[in-house]
Amino acid sequence: MCGIVGYIGKRQACEVLIKGLKRLEYRGYDSAGVAFSGDSFRIYKCKGKVSDLEEQLKDKNINGCMGMGHTRWATHGEPTNNNAHPHQSMNGKFVIIHNGIIENYAKLKSGLEKEGYKFASETDTEVLANLIEYVYLHNQNNGDSLSCVDAVRVALNMVEGAYGLVIMSEDNPEKLIAARKGSPLVIGIGRGEYFIASDATPIIEYTNSVIYLNDDDIAVIGLDGLNLTNLKKVKQIPNIKKIDLKLDEIEKNGFEHYMLKEIYEQPRAIRDTYRGRLNFESKYLKLGGLHNVFSELKEAKRIMIIACGTSWHAGLVGEYLFEEFTRIPTEVEYASEFRYRNPVINKGDLVIAISQSGETADTLAAIQLAKKAGAIVIGICNVVGSSIPRETIAGVYTHAGPEIGVASTKAFTAQVTVLTMMAMAIGQANQGLTEKEFEDLIGELYAIPDKIEKILNTSNHIKDIAEKIKDSTNSLYLGRGYLFPVALEGALKLKEISYIHAEGYPAAEMKHGPIALIDEKMPVIVLATKDHSYDKIVSNIQEVKARKGCIIAIVTEGDTTIKEMADYVIEVPQSDFALAPLLTVVPLQLLSYYIAVYRGCNVDQPRNLAKSVTVE
Ligand code: M6R
């Protein structure tokens, strides 16, 4: 949440900053701003998107080879011009941009007010700018001159919370200071130039050499190089990594929206996720990232999955998979609940944290709690080098490629692919699966991308259904077993991008309450592929029909029974029922996408949301 870019080098900074902010806009789009150093600071900012800022910059002095930019997801204070970043300290000494939350800001603010500080915004960030300045000037007045970076260090030691920061100072105008705790920050190293960003996407156009800052790191960056220390002023050795991210992976490549591109990328994403790990011919499956902990995994007495949002839905599918394939008791919990409720965690329990971004604050905090309690904590993440893979002892990357649309799509199917492989590997090792079952599943999983391609080819039919139901104000998603989490995911997709109220329910629960909602205006999307509870779901459909609900059924190819009852059917190819989530979720993603487009919603940047939730 919130995107940060900084630049120092030989190029015009503004161009790098604006391009970078556009790439980071998925992290928040409430306001945008830039600042340049020179004889004095030039700060331009406004409520709205980066394109609004660009308009504002047309007649401004934006010359300069050093600067920083910010795109905001509001936490403290509404999206207004005043609350937009960058924020300047009261006496003009420091300008800062910030991603994260300063939790003790109220206390710090009242202390600063007593010292005569006045505030122009409601943000916690301005409090930090003034705190740094206060430390700097106070020491000067007392005759102990403190360098700008040392003032930053002292101030950050007083702060509770999370931050990714870039700071410019009036008295050291040729340096950028970057600091991190809890919120991600990457430094790109070019030839005689440096880039700072919340993730690598603004950087890859210029260089593939990066340093991921660790918590408590403070970097001072100038044309003469980079100096890395920590909050205790201990020198740190920069660990330079090469990133393997291509520019076209973060472009729309002819699709109208990132979300649509990412839906269509799913066959490729799943193939990339199992490539090198699963072999159809030799019936081989190996997850290299789990090698070091595999013997503990197969002995685990309990599995706990922690995640948020769509990743939590993938985790629910994981619960069904693990219990069925490995017979190890498995629980799934929202990371935000887990971290605050004193959960029972036994030494040797296996905790699996799932996150597309690898930066979700609640998931990170839950990992730390589980580690402290002695659990084996492993991760399933998409973003290489992000915080969660670094916090976990082992893990498996999904190779979905960058997911930029705020509504998660390919990350879900890639996560379910990894969970399926994990459950299969453990199930093979602990005999939860017979060799025949294991081999059949390899074939089934291998075939999934082709089957998704078939579903994608029916998108015009799904678009027609979307047009019919686009004006609904409510909708219900029903599923059983493996398809219950898919019902939840379908409902979340619809809510977040089209603002239609939607609820996912286990189909059998309908008669315990939600059935009261059903009338002819209520679309009911039923996941009804052929599995052992098919007859039950057929009965559920009849119950809805008897109350005049409009039924959209996701069925197995060739199903004639449900076709006669439902208003609309969408067919998906037959598969093993444990893998049906990977297929049935796709029409639901497309349905939400087209409904949102028909309603004129901003699909990639839905209101109030941001992609990477780095605040609690
Ligand atoms: O990056 P993560 O997977 O940890 O993110 C978790 C949720 O914030 C995310 O899935 C969110 O619910 C999406 N907007 C869903 O489409």
Side-chain angles (χ1 to χ4, degrees), residues 1-3 26-29 73 99 182-184 198-199 201 257-260 262-263 266 269 305-318 332-339 352-367 379-392 395-398 400-416 418-419 477 485-486 488-499 502 504 585-586 588-593 596 601-616:
M1 278 172 158
C2 296
Y26 71 90
R27 301 177 73 91
Y29 27 84
W73 186 82
N99 169 26
S183 303
S198 302
D199 69 35
T201 55
H257 297 99
Y258 281 112
M259 181 182 178
L260 190 61
E262 287 157 8
I263 292 173
Q266 290 179 107
I305 300 178
I306 46 175
C308 302
T310 288
S311 298
W312 182 75
H313 296 153
L316 288 178
V317 178
V332 189
E333 192 158 347
Y334 286 118
S336 53
E337 289 298 315
F338 182 85
R339 63 180 288 199
I352 306 175
I354 310 177
S355 173
Q356 186 286 129
S357 61
E359 300 293 350
T360 300
D362 283 321
T363 311
L364 261 169
I367 289 172
I380 298 177
C381 284
N382 194 38
V383 178
V384 176
S386 56
S387 301
I388 291 177
R390 290 189 288 145
E391 275 290 328
T392 44
V396 181
Y397 278 116
T398 50
E403 191 183 67
I404 292 170
V406 166
S408 195
T409 52
K410 63 177 179 172
F412 175 82
T413 43
Q415 288 163 347
V416 172
V418 168
L419 288 161
Y477 286 71
V486 179
L488 294 176
E489 175 59 8
L492 176 62
K493 286 293 86 93
L494 189 68
K495 275 186 267 215
E496 66 181 334
I497 59 169
S498 70
Y499 321 136
V585 75
V586 177
L588 303 192
Q589 296 167 342
L590 284 167
L591 195 63
S592 307
Y593 170 78
C601 299
N602 188 336
V603 175
D604 285 332
Q605 296 179 344
R607 71 182 177 209
N608 304 338
L609 290 174
K611 181 79 184 156
S612 178
V613 185
T614 53
V615 296
E616 299 184 27

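The model shown is predicted, which means the values in this text are computed figures rather than measured ones. First listed ligand is number 1; within each ligand, the first listed atom is number 1.
The minimum heavy-atom distance linking Ser355 with Gly358 is given by the pair OG-N, 2.9 Å. Minimum heavy-atom separation, Leu419 to Ala314: CD1-O, 3.2 Å. Listed here is the closest heavy atom pair of Tyr593 and Val603: CD1-CG1, 3.7 Å.
Where the criterion is an N or O separation shorter than 3.5 Å, residue side chain and backbone included, Thr363 fails it with respect to ligand 1. Here's the thing with Val406: one of its N/O atoms is less than 3.5 angstrom from an N/O atom of ligand 1. Taking only nitrogen or oxygen atoms, main chain and side chain alike, Ser408 reaches within less than 3.5 Å of ligand 1.
Within the listing of ligand 1, atoms 2 (P), 3 (O), 10 (O) sit less than 4.0 angstrom from a heavy atom of Ser311. Atoms of ligand 1 lying under 4.0 Å from any heavy atom of Lys493, numbered from 1 in the order shown and given with element: 15 (C), 16 (O). Applying the 4.0 Å criterion to heavy atoms of Ala407 picks out, from ligand 1, the atoms 16 (O). Counting atoms of ligand 1 from 1 in the listed order, those under 4.0 Å from a heavy atom of Ser355 are 1 (O), 2 (P), 3 (O), 4 (O).
A donor atom on one side chain and an acceptor atom on the other are not found under 3.5 Å apart for Thr409 and Gln589.
Across the listed options Ile388, Thr310, Thr360, Thr409, Thr310 owns the non-hydrogen atom lying nearest to atom 11 (C) of ligand 1.
Classified by interplanar angle (parallel below 30°, tilted 30° to 60°, perpendicular above 60°), the ring pair Trp312/Tyr334 is parallel.
The protein atom (non-hydrogen) at minimum distance from atom 12 (O) of ligand 1 is Gly309 CA, 3.3 Å. Of all protein heavy atoms, the one closest to atom 7 (C) of ligand 1 is Cys308 O, 3.7 Å. Val613 CG2, 3.7 Å is the protein heavy atom nearest to atom 8 (O) of ligand 1. In terms of protein heavy atoms, atom 1 (O) of ligand 1 is closest to Ser357 OG, 2.6 Å.
Under the rule for a side chain to side chain contact (heavy atoms under 4.5 Å, CB included), the partners of Ala502 that lie at least two apart in sequence or sit in another chain are Ser475, Tyr477, Ala491, Leu494, Lys495. Taking the side chain to side chain contact (heavy atoms under 4.5 Å, CB included) definition, one finds that Val383 meets it with Gln356, Ser386, sequence neighbours left out.
If you look at Glu496 next to ligand 1, the close heavy atoms, those under 4.0 Å, all belong to the side chain.
The side-chain heavy atoms of Arg27 and Asn99, taken from C-beta on, include a pair separated by under 4.5 Å.
The backbone N or O of His257 lies less than 3.5 Å from no partner atom in the side chain of Asp604, so there is not a single donor-acceptor pair.
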